[in-house]
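These notes are about the structure you will find just below.
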Amino acid sequence: MVHDEQLMLAEDIGDFHIRAMDKRYKYSSIESLEEFDRICRKHNLRYYAYYGTLLGTIRHKGFIPWDDDIDVAMFREDYNRFIHIAPQELGEYFVLNNVEDSCFHPLRVQNGFEIRYNQAFMDRFHCCPYPTGIDIYVLDKLPATEEKRATHREIYNIIKILAQYNDDLFERYGGVRTEEFDESMPELLASIENMLGVHIIRDGSEAKQLGHLASRVAAMYNDTDSDIITRVEIWSTDGQREMMPIECFSDVIYMPFEHMLLPVPVGYDEILTRVYGDYMTPVIGGGAHEYRHYLEFEEKLFARFVELG
């Protein structure tokens, strides 16, 4: 845990301004990273800095100035072990999120779900009242041949579409239900059951069942001698850039990230080149979400103050 208040002061990096709350939000997130790292070290679980966190580690030795989330990745075996171990190991304040639907949303270690201003919480998380945490992605093997990969992608995407369509949050996230798709649902579910030899109970929990099935399908080639690693949920739609040689993950190098050391995959150059291209040339923006992710919480807080008058 960092106690240096100087690190929390606003600063300018080139033409980019970093607010004091930006710093507090980032260092609050690191608390979840340190808790995750503690558990992984204790139980000999391997993980890797990934996506923007990997890029920040290599290029900035910390956060990318205009990024405020933390991404790590694990192989399926370690990932499953972590999910099993974490509920008994996580310390006070920390929780797991997205455990049931982590096939489609990253598993998270975070410091709760609500905005909190009590003194103990503010002291623990650098005077940042907002919920913060880290995203944990799962890596699986792909089939060795293009023909099998095409089939793998098709099956996975059908399950993914069915799971998302049956989810209660589908419309909240912009999905549009159609009579045509509603009518084809029984046939699509039956085709997946016949293809994979499973039974999906029609009791309102179809989305949850399909999410678990998608995870099983994503992991089905992990016991093969394939040498291609990917995050299946993204590869199924984005394709080539998420296909990594397994040699990239054969070892780790510990490199500075802010005040701690993070395990970086030994093949980080190939990984970053595949994902970002010329990754050593900074480009402001371009992340998976808007910078200053905490603004949504600020807006809720402001609306509450207005409501209270």
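Quick caveat, the model's predicted, so the values are computed rather than measured.
- With Glu206 contributing its side chain and Gly204 its backbone, the two residues share a donor-acceptor pair below 3.5 Å.
- The closest side-chain heavy-atom distance from Lys141 to Asp223 is not below 4.5 Å.
- Between the side chain of Thr230 and the main chain of Glu242, a donor-acceptor pair closer than 3.5 Å is present.
- Crowding of Asp225 atom CG: a count of heavy atoms from other residues, nucleotides or ligands under 6.0 Å not exceeding 12.
- No donor-acceptor pair closer than 3.5 Å links the side chain of Lys26 to the backbone N or O of Phe63.
- Within a 6.0 Å radius of CD in Glu114, other residues, nucleotides and ligands contribute 12 heavy atoms or fewer.
- Minimum heavy-atom separation, Pro265 to Ile271: CG-CD1, 3.6 Å.
- Annotation for Glu146: atom CD counts as buried by contact number, over 12 foreign heavy atoms lying within 6.0 Å.
- Judged by distance alone, the side chain of Lys23 and the main-chain N or O of Leu9 form a donor-acceptor pair under 3.5 Å.
- The shortest side-chain heavy-atom distance between Leu90 and Ile39 falls under the 4.5 Å cut-off.
- Ser29 contributes no side-chain N or O that, together with a main-chain N or O of Asp69, makes up a donor-acceptor pair within less than 3.5 Å.
- Taking both residues in full, the closest heavy atoms of Ala20 and Ala10 are given as N-CB, 3.8 Å, listed atom of the first, atom of the second, then distance.
- When each of Tyr51, Tyr50, Trp235 is checked for a ring pair (Phe, Tyr, Trp, His ring centres under 6.0 Å) with Tyr137, only Tyr51 meets the rule.
- In this structure, the separation between CG on Asp37 and CG on Leu45 is 10.5 Å, given to the nearest 0.5 Å.
- Nearest approach of His259 to Tyr27, heavy atoms of both residues: ND1-CE2, 3.8 Å.
- Ring centers of Phe36 and Phe94: at least 6.0 Å apart, outside the cut-off.
- Distance alone, capped at 3.5 Å, places no donor-acceptor pair between the Arg274 side chain and the Met244 backbone.
- Using a 4.5 Å heavy-atom threshold, the side chains of Pro131 and Asn111 count as touching.
- Leu54 is not listed as a side-chain neighbour of Tyr48, based on a closest heavy-atom distance of 4.5 Å or more.
- Under the 3.5 Å distance criterion, the side-chain polar atoms of Asn98 are matched with a main-chain donor or acceptor of Pro106.
- No chain of hydrophobic side-chain contacts below 4.5 Å, direct or via other Ile, Leu, Val, Met, Phe, Trp or Tyr residues, connects Val95 to Phe82.
- Taken to the nearest 0.5 Å, the CD1 atom of Ile64 stands 11.5 Å off from the CD1 atom of Ile13.
- Ser215 has its side chain within reach of Arg76: a pair of non-hydrogen atoms, C-beta onward, lies under 4.5 Å apart.
- Using a 4.5 Å heavy-atom cutoff, the side chains of Ile159 and Leu196 are in contact.
- Across all their heavy atoms, Pro256 and Thr57 have their closest contact at O-CG2, 3.5 Å.
- Applying the side chain to side chain donor-acceptor pair (under 3.5 Å) test to Tyr25 and every residue at least two apart in sequence or in another chain returns His293.
- Two residues are said to be in side-chain contact when any heavy atoms from C-beta on lie closer than 4.5 Å; Arg81 and Met74 fail this criterion.
- Evaluation of the ring pair (Phe, Tyr, Trp, His ring centres under 6.0 Å) rule for Tyr165 yields Phe170, Phe181 as partners, not counting sequence neighbours.
- With Phe249 as reference, Phe75 is the one residue of Phe75, Tyr47, Tyr268 to meet the ring pair (Phe, Tyr, Trp, His ring centres under 6.0 Å) rule.
- The only option from Arg124, Arg24, Arg38 that meets the salt bridge (Lys or Arg N to Asp or Glu O under 4.0 Å) definition with Glu31 turns out to be Arg124.
- When the shell of 6.0 Å around CG of Asp182 is examined, it contains more than 12 heavy atoms from other residues, nucleotides or ligands.
- The main-chain N or O of Gly91 is found under 3.5 Å from a side-chain atom of Glu35 such that the two form a donor-acceptor pair.
- Under the 4.5 Å side-chain heavy-atom criterion for Ile, Leu, Val, Met, Phe, Trp and Tyr, Met255 and Val275 are members of the same hydrophobic cluster.
- In Arg19, the CZ atom is crowded: over 12 heavy atoms of neighbouring residues, nucleotides or ligands sit closer than 6.0 Å.
- Atom NE2 in His212 sits 12.5 Å away from atom CD1 in Ile200 (nearest 0.5 Å).
- By the salt bridge (charged side-chain N to carboxylate O under 4.0 Å, His left out) test, Arg202 is found to be paired with Glu193, residues two or more places apart in sequence or in another chain being considered.
- With rounding to the nearest 0.5 Å, the separation of NE2 in His60 from CG in Leu55 is 6.0 Å.
- Using a distance-only test at 3.5 Å, with no hydrogens or angles considered, a donor-acceptor pair links the side chain of Gln209 to the main chain of Ile201.
- Between Asp68 and Arg292, no side-chain nitrogen of the basic residue sits less than 4.0 Å from a carboxylate oxygen of the acidic one, so the salt-bridge criterion is not met.
- Between Asp140 and Tyr221, the closest side-chain pair of non-hydrogen atoms is not below 4.5 Å.
- Not a single donor-acceptor pair under 3.5 Å links the side chain of Arg108 to the backbone N or O of Ile136.
- Considering Ile30, Leu262, Asp135 in turn, Ile30 is the only one that fulfils the side chain to side chain contact (heavy atoms under 4.5 Å, CB included) rule with Ile70.
- Annotation for Glu247: atom CD counts as buried by contact number, over 12 foreign heavy atoms lying within 6.0 Å.
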Self-check item: Derivation of the side-chain contact (heavy atoms from CB on, under 4.5 Å) call for Tyr156 and Lys160
Solution: CA-CA 6 Å; Tyr156 183 89; Lys160 178 180 175 180; 4.1 Å; yes

